[in-house]
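Below, chains carry the letters A, B, ... as their sequence lines are ordered, and counting in each starts from 1. Everything quoted here is computed from the prediction, not taken from an experiment.
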Amino acid sequence: MSQIENDLKLEIIKSVKKSFDLDIEMNDVIIELPKDVSHGDYASNIAMQLARTLKRKPKEIAESICSNLNLDIISSYEIAGPGFINIFLKNEYLAEVINLVLDQDEKYGHNNTGNGLKINIEYVSANPTGDLHPGHARGAALGDSVSRLLKMSGYDVTREYYVNDAGNQINNMALSLRARYFQEFNYDVEVPEDGYHGSDLIDIAKDLVSKVNDKYINYDEEEALIEFKKFGLEAELNKIKADLKAFNCEFDVFFSEQYIRDNKFVEKALNQLKDRGYTYEKDNALWLKTTSFNDDKDRVIVKSDGSYTYLTPDIAYHLNKLDRGYDKLVDVLGADHHSYVVRLKAAIQALGYEQDKLEVDIVQMARMIKDGEEFKLSKRSGKAVALIDLLDEVGSDALRYFFISRAADTQMDFDLDMAIKRSNENPVYYAQYAHARMCSILNSAKDIDISRKFNLISNEKELTLIKHINEFPKVVADAAYTRMPHKLCNYISKLAQYFHSFYGECKVLDYDNIPLSTQRLALVKASKITLKNALNSIGVSAPESM
RNA sequence: GUGCUCGUGGCGCAAUUGGAUAGCGCAUCUGAUUCCGAUUCAGAAGGUUACAGGUUCAAAUCCUGUCGAGCAUACCA
């Protein structure tokens with residue numbers, strides 16, 4: 001909550017107490033920024049909310065509240081519509097936020113609404129069997145941005161990538177690599193039908209040859225496969241890490257499924273489930289009673305051949321995360337896994353935890369369009385476009401902004417031709433240009449000191465900009481809490497817009513009016529700080545020139 | 001069939017999570033530059049929020065039904 005809102009709420013609470021001898025709390029008072037500027041700088045619906053408890057007409061209540069408001073910071077008020085209280089503030093008071101921004105600088109926007117809550121956010125977690133494709137990019141951009149926002153809001157955040165380095169898909173990868181390796185020596189070995197046909201494994205095979213030459217040709221086959229697996233895994237994972245880094249995504253932990261298996265965490269989880277009575281045997285397999293928790297059928301966790309299903313180590317992994325002491329787990333999953341959510345939540349409850357310990361954000365798939373037609377992505381066929389190629393053509397900033405600017409649960413088309421060709425229409429450039437312009441202005445006014453007093457700030461464009469700057473910490477906190485980084489995109493484009501509009505109407509650098517210039521320069525600087533922090537909060541750069 | 005997610009100007013998306021006359025970008029049309037960066041600004045046009053009921057001071061938002069879209073419905077991962 002901003003200082004202004006805080007002050008206003010306290011005023012209203014005092015007034016309600018005075019008017020009706022009624023005690024209300026900070027959270028009962030809603031202060032909002034009206035969409036329409038003629039509805040005041042700030043507005044409250046408190047009179048309507050109290051109408052029921054007080055059994056009086058909202059307008060009458062509003063009258064009483066207003067007549068008891070302290071006018072120190074308020075220039076005027078009005079009662080409008082069904083009972084809204086619209087409040088107009090004194091310009092100089094509004095402009096005080098500029099000082100706050102200048103003082104906090106790169107910390108402006110940070111807030112403590114998270115209150116140190118320990119939160120683990122898992123995203124991407126793509127299998128290490130090939131390049132990341134654009135479908136992963138959306139999850140990466142969202143997860144990373146949400147993490148940044150959570151950190152800014154005072155959460156204790158761990159960014160985690162779950163590496164599925166065990167199981168069938170890895171064996172297929174090893175077999176595929178083996179084929180590519182043998183092909184390097186002109187042996188007629190085919191990549192298995194359900195193996196991975198991408199060209200990345202050819203490169204990895206070449207790399208392997210350069211390191212060990214033909215060592216594995218006449219090797220014990222089983223031993224060699226272990227080596228292929230090891231080498232392939234490491235190579236694939238390193239590529240994924242490099243791609244993510246190029247996409248400006250950082251992780252704190254890469255957590256291995258093999259580690260979960262090797263350290264008996266699966267058995268531990270199974271025992272916990274058994275002890276709590278949520279398992280039973282049927283048809284030679286072990287089942288988990290997920291139907292006790294809203295699933296439409298029970299799920300196998302140990303197959304009749306004794307091996308685990310995909311779900312089982314994943315349950316163990318989540319138990320491990322919980323054991324590590326997190327207050328909350330967040331999984332960012334692709335929409336193709338959404339039926340999995342019920343199962344996972346059921347497992348969490350079967351383990352004895354509240355179901356809302358785990359929250360799953362579903363990211364709708366981005367349909368890939370090329371030449372006006374959809375094409376399916378498949379790592380196995382090798383037809384997928386690699387994220388890294390896209391980064392080369394579109395750039396990290398534009399790509400991130402594109403993915404983040406839509407809410408995660410909306411379906412979207414990713415038109416490859418469009419993304420490349422029309423990249424100049426991406427709003428991210430509009431915002432970055434605004435930042436560059438701010439820098440340019442400040443740069444050409446280096447010889448002028450900026451003011452800390454704002455008695456000359458009165459233009460409508462200035463005030464609009466100031467009010468919007470004041471909103472920033474609240475937007476960050478809200479976007480973090482709801483895990484909706486697209487709110488930042490909306491904020492950014494508005495901020496840029498208000499700035500450009502201000503710039504068009506107000507001359508900042510005017511050597512014939514130095515006092516006003518120094519005050520406007522302060523506003524430009526505060527805008528620059530805010531815009532930069534906002535862009536950084538979603539992992540987009542703020543260039544000083546373009 | 002069933003379950004999840006969704007349906008907002010021509011297109012792509014918002015809407016402070018139940019608030020005032022539903023906003024923004026692109027595209028279209030009309031204006032503006034002796035400029036502190038025109039990659040900019042000012043303005044116009046474009047809507048029965050898929051449809052039908054319901055809940056209340058107030059519904060794009062909540063409930064019910066219908067239609068439509070995407071995804072999922074494995075002892076695959």
Side-chain angles (χ1 to χ4, degrees), chain A residues 30-36 38-39 43 45 48-49 51-52 57-58 80-84 86 127 129 164 166-170 172 194 282-287 294-297 299-314 334-342 362 364-365 367 402 405-413 415 418 422 424-427 429-430 432-434 436-445 461 471 474-475 478 481-482 484 486-487 489-491 493-494 496-497 499-511 517 520-521 524 545-546:
Chain A
I30 294 173
I31 295 282
E32 47 189 27
L33 205 63
K35 285 178 234 175
D36 189 334
S38 69
H39 291 148
N45 60 359
M48 278 125 74
Q49 289 190 313
R52 189 164 297 177
K57 287 181 184 166
F84 287 98
N86 296 338
N127 288 347
T129 53
N164 289 113
N168 281 336
Q169 79 281 7
I170 299 302
N172 281 336
D194 53 354
K282 193 181 93 182
D283 303 335
N284 253 341
L286 188 70
W287 296 68
N294 282 331
D295 203 358
D296 43 6
K297 62 204 263 191
R299 306 290 168 176
V300 170
I301 47 179
V302 181
K303 296 189 241 176
S304 50
D305 66 0
S307 63
Y308 303 132
T309 59
Y310 177 80
L311 176 64
T312 319
D314 213 10
D336 52 341
H337 286 80
H338 79 253
S339 67
Y340 193 66
V341 177
V342 180
I362 294 297
Q364 289 291 333
M365 308 307 282
R367 288 199 312 161
F402 175 80
S405 60
R406 288 118 162 111
D409 56 12
T410 57
Q411 293 156 205
M412 66 193 278
D413 288 346
D415 189 326
M418 194 101 90
R422 302 210 309 181
N424 277 334
E425 287 168 18
N426 193 313
Y429 296 112
Y430 179 82
Q432 289 183 322
Y433 177 76
R437 187 181 241 183
M438 293 168 187
C439 291
S440 169
I441 295 170
L442 292 168
N443 204 37
S444 52
K461 304 281 186 188
E471 287 295 294
K474 204 171 73 179
V475 171
D478 181 42
Y481 180 73
T482 55
M484 293 181 166
H486 73 270
K487 293 185 178 198
C489 294
N490 297 338
Y491 180 84
S493 80
K494 263 195 172 172
Q497 200 177 324
F499 178 78
H500 283 311
S501 180
F502 152 77
Y503 175 89
E505 188 161 320
C506 300
K507 186 150 178 69
V508 178
L509 260 185
D510 183 358
Y511 286 94
S517 293
R520 284 183 170 164
L521 280 169
V524 172
S545 65
M546 292 176 75

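- With P as the reference atom, B/G9 and B/U2 are 28 Å apart, rounded to whole Å.
- Taking atom C1' on both nucleotides, B/U49 is separated from B/U8 by 4 Å, rounded to a whole Å.
- Using C1' as the reference atom, B/C24 and B/A14 are 7 Å apart when rounded to the nearest Å.
- Taking atom P in both B/U5 and B/A45, one finds a spacing of 40 Å when rounded to whole Å.
- Across all strands shown, A/N490 has heavy atoms under 4.0 Å from sugar-phosphate atoms exclusively, and none from any base.
- Remark: A/R437 qualifies as a cation-pi partner of A/Y503 under the 6.0 Å distance and 45° angle criteria applied to the six-membered ring.
- Ring-to-base geometry does not place A/Y310 in a stacked arrangement with B/C76 (centre distance under 5.5 Å, plane angle under 30° required).
- Here, B/U56 and B/U17 have their P atoms 22 Å apart, quoted to the whole Å.
- Side-chain proximity of A/K303 to B/C13, B/C76, B/G19: nearest is B/C76.
- Nearest to the side chain of A/I441, among B/G25, B/C36, B/A20, sits B/C36.
- Without hydrogens or angle criteria, A/S444 side chain to A/S440 main chain gives a donor-acceptor distance under 3.5 Å.
- A/R299 and A/D295 are joined by a salt bridge, as a carboxylate oxygen and a charged side-chain nitrogen come within less than 4.0 angstrom of each other.
- At the heavy-atom level, A/D283 lies under 4.0 Å from base atoms of the strands shown.
- Residue A/S501 places at least one side-chain N or O under 4.0 Å from the OP1 or OP2 atom of B/A42.
- Across the P atoms, B/C4 and B/A42 are found 46 Å apart, a figure rounded to whole Å.
- Where stacking is scored as ring centres under 5.5 Å apart with planes under 30°, A/H39 registers as stacked on the base of B/A20.
- Contact check for A/M438 versus A/Y433: no side-chain heavy atoms found under the 4.5 Å cut-off.
- Nucleotides B/U40 and B/G25 have their P atoms positioned 11 Å apart, rounded to a whole Å.
- Comparing B/C76 with B/U39, their C1' atoms sit 49 Å apart, to the nearest whole Å.
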